[in-house]
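Count residues from 1 along the sequence.
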Amino acid sequence: MSRSYQDQRSHLELITVYEIGRILGASLDIDRSFHAALNVLVAHLSLQRAMIVMPGETDATLAVRSSVGLTREQEARGVWQPGEGVIGHVHASGMPVVIPDVSQAAEFIDRTGAFGAQDDRMSAFVVVPLKTEHSVVGVLAAQRTVEGGARLSDDQRILTMVATLLAQTVSLHAAVRDEHQRLQAETTRLQKALQRESRGRRTIANVIGESKPMQQVFNEVHQAAPSRATVLLRGESGTGKEAIARAVHYLSPRKDQPFIKVNCAALTESLLESELFGHEKGAFTGAVGERKGRFELAHNGTLFLDEIGDVSPGFQAKLLRVLQEREFERVGGTKPVKVDVRLICATNRDLEKMVQRGEYRADLYYRINVVSIFLPPLRERRADIPALVTHFLDRYNKENRRQLQVAPDALEVLMHCYWPGNVRELENCIERTATMVQGDVIRDLAFPCKHNRCLTQTLHFMDKADAVAPAAVPLPPLPSERPAGIVRTGPTAGVKVPAVAAAAVDDEPDESDERARLVWALEQCGWVQAKAARMLRVTPRQLGYALLKHGIEVRKF
């Protein structure tokens, strides 16, 4: 055989091995990779057909896993018993077998019906094992027409190299599959553990929360409290951030130490600095003596900074130094004071947007936003409303020596209110109604909203760029039995959006299409809600509830 033929053959084998290795390493889809690799093998070596045979799911038989040159029916017929024929022998022994002429080999069993002898041509059959470090995982078989100077030993060599790559792919696929199954089992175990834990209801003293969102908050509080990590409480005003802050303190190892709270929004920058850090005698006019600040008073305990998003940029830098160094200097003093304080912060502002606008220091944001706990608004935890109503009414009865009760229709009104002021607004509503009601039963008509005297509707349309949650949230789904054309407006259920006056333009939408009529009226009035309300003959408050119900965003010019 000439030198040039050997060089060409070696070059061809190198390209074949390279292409197959690239294909097998490009995807974890083993069937697709096998089929692509066999295509390259058959095309480069001019083989008639090739197949990969591997144990079936039960390992009791050998079956065709992938092939090139076989029909689906031939693949389905390709099943061998262990040790049967050349395929079974190679799989059992792990040794390659080359059959120069399949018509003369008694041990050759062609289950597929594709590799049998041909009338006018001599067909060879080459079978090599797919061997890993520990076992034989399958066999690679190929058929060639023997003619000219074809050397079956060359075919055996290249097929053995390819079989090694295929075996490594099988081993990698098995490892990935086992790891995936392990991770799935671990995920299932953790989910079951969480479900078992969630079935045991968490409780926090002086906080009512049986709903799923509040149980999530309770779980986070119990998880974060034992550590000394800084906690940032996020949520709208009136959601109970101070109560949760106290819970974090009293569930922590510092529960026997001081719990000090400061409302950062209630003090100017100079007063806040003196309040937190204290001052020396004579530091400013009126400083007649040395005074300890809240940081010193909270030493070894917890300091709760409420409305942390409202501090000025100048004070943010001073506060950052305390958090970084755990020390500060009193106003007018030069001696550093070291403290060990667990910090809990709260805000109803969107600090991320404030950082983007340059209104809040990013480094301070990262310092206080270690463990974030989001408190859901009352409209997202309506299941807690009955218990909250009972709690507030019991406290009112005890303080005022009354025996008031809430009727079911009154509770229904409270369940469907939007509550922009959250728990604080609910508490005020209960106390106000309980004070003004006559008799011992609070009914639905006792609430101011039933007489269009509830003033909190204006809070529904807050356009505060850094509010924690969007103000316009659709009301819950309405009962299916409500009459057509009726808009549920929270407490004022049953308010119908009437037809506009006869002088309206001719293209007014059909009265049954509430959303289209609302948009039409707003467009006619230049998106001025008061004008649109007059056109529709409803109050601005009723129009506001209707806009919320249909999720209509009011345009601004």
Side-chain angles (χ1 to χ4, degrees), residues 204-207 220-235 240-280 283 287 289-349 351 360-373 375:
I204 290 181
N206 300 321
V207 181
E220 293 174 355
V221 168
H222 281 272
Q223 184 72 22
S227 70
R228 58 175 298 165
T230 301
V231 178
L232 178 61
L233 303 178
R234 313 287 295 270
K241 294 186 286 294
E242 182 178 340
I244 296 298
R246 288 185 179 275
V248 173
H249 170 71
Y250 288 111
L251 289 172
S252 73
R254 300 169 180 255
K255 62 182 179 180
D256 296 326
Q257 301 299 325
F259 175 79
I260 306 296
K261 61 178 182 177
V262 179
N263 189 330
C264 299
L267 302 172
T268 63
E269 180 178 341
S270 58
L271 289 178
L272 183 59
E273 183 178 2
S274 175
E275 189 72 19
L276 289 179
F277 305 144
H279 59 257
E280 300 286 353
E290 178 185 287
R291 181 177 182 274
K292 290 185 177 182
R294 299 299 178 93
F295 269 101
E296 284 186 82
L297 296 176
H299 182 59
N300 292 327
T302 302
L303 178 62
F304 174 50
L305 299 181
D306 198 6
E307 306 296 349
I308 191 68
D310 293 332
V311 297
S312 65
F315 189 76
Q316 292 174 24
K318 300 174 183 178
L319 184 60
L320 178 63
R321 179 178 179 273
V322 180
L323 299 182
Q324 289 177 334
E325 306 296 335
R326 297 288 179 178
E327 67 177 25
F328 60 91
E329 297 172 359
R330 297 194 188 104
V331 178
T334 58
K335 181 180 179 182
V337 180
K338 287 188 172 292
V339 290
D340 177 15
V341 173
R342 167 79 176 277
L343 193 65
I344 301 177
C345 303
T347 182
N348 63 352
R349 310 283 289 272
L351 297 182
Y360 206 83
R361 293 179 63 102
D363 44 7
L364 178 58
Y365 167 78
Y366 293 126
R367 284 288 179 180
I368 64 176
N369 189 28
V370 179
V371 177
S372 286
I373 299 179
L375 274 66

For Glu307, side chain to side chain donor-acceptor pair (under 3.5 Å) partners two or more places apart: none

Parallel, tilted or perpendicular: ring planes of Phe328 versus Phe295, cut at 30 and 60 degrees: tilted

Minimum-distance pair of heavy atoms, taken over all atoms of Val339 and His299: CA-ND1, 3.5 Å

Pairwise side-chain contact, Val221 with Val231, heavy-atom cut-off 4.5 Å (strictly under): no

Check: Ser227 main-chain N/O paired with Arg342 side-chain donor or acceptor under 3.5 Å: yes

Leu351 and Asn369, any side-chain heavy atoms less than 4.5 Å apart: no

Euclidean distance, Cys264 SG relative to Ile308 CD1, rounded to 0.5 Å: 4.5 Å

Contact summary for Gln316 and Val311, nearest pair of heavy atoms: NE2-O, 3.2 Å

Minimum heavy-atom distance between Glu273 and Phe315, given as atom pair plus value: CA-CE1, 3.7 Å

Separation of Leu364 CG from Gln324 CD (nearest 0.5 Å): 9.0 Å

Candidate pair Ile344 and Ile244, rule side-chain contact (heavy atoms from CB on, under 4.5 Å), full reasoning: CA-CA 10 Å; Ile344 301 177; Ile244 296 298; over 6 Å; no

Polar side-chain atom of Lys241 near backbone of Gly235 as donor-acceptor pair, under 3.5 Å: yes

For Leu232 against Ala346, the heavy-atom pair lying closest together: CD1-N, 4.3 Å

Heavy-atom closest contact (Asp310 atom, Ala265 atom, distance): OD2-CB, 3.5 Å

CD1-CG distance between Ile368 and Leu320, expressed to the nearest 0.5 angstrom: 10.0 Å

Gap between atom CG of Leu303 and atom OG1 of Thr230 - 0.5 Å precision: 10.5 Å

Non-neighbouring partners of Asp363 that pass side chain to side chain donor-acceptor pair (under 3.5 Å), sequence neighbours left out: Arg361

Side chain proximity check, Leu233 to Glu242, heavy atoms < 4.5 angstrom: no

Separation between OG of Ser312 and NZ of Lys318, rounded to the nearest 0.5 Å: 7.5 Å

Validation row: Val248, Thr302 side chains within 4.5 angstrom (heavy atoms): no

Verdict with reasoning, Arg228 to Asp340, per side-chain contact (heavy atoms from CB on, under 4.5 Å): CA-CA 10 Å; Arg228 58 175 298 165; Asp340 177 15; 3.0 Å; yes

Test item: Arg254 side-chain N/O and Gly301 main-chain N/O as donor-acceptor pair under 3.5 Å: yes

Nearest heavy atoms of Ala298 and Pro258, plus distance in Å: CA-CB, 4.4 Å

Qualifying residues under side chain to side chain donor-acceptor pair (under 3.5 Å), relative to Lys338, sequence neighbours excluded: Glu327

Distance (rounded to the nearest 0.5 Å) between Lys261 NZ and His249 NE2: 12.5 Å

Side-chain heavy atoms of Val337 within contact of Glu296, under 4.5 Å: yes

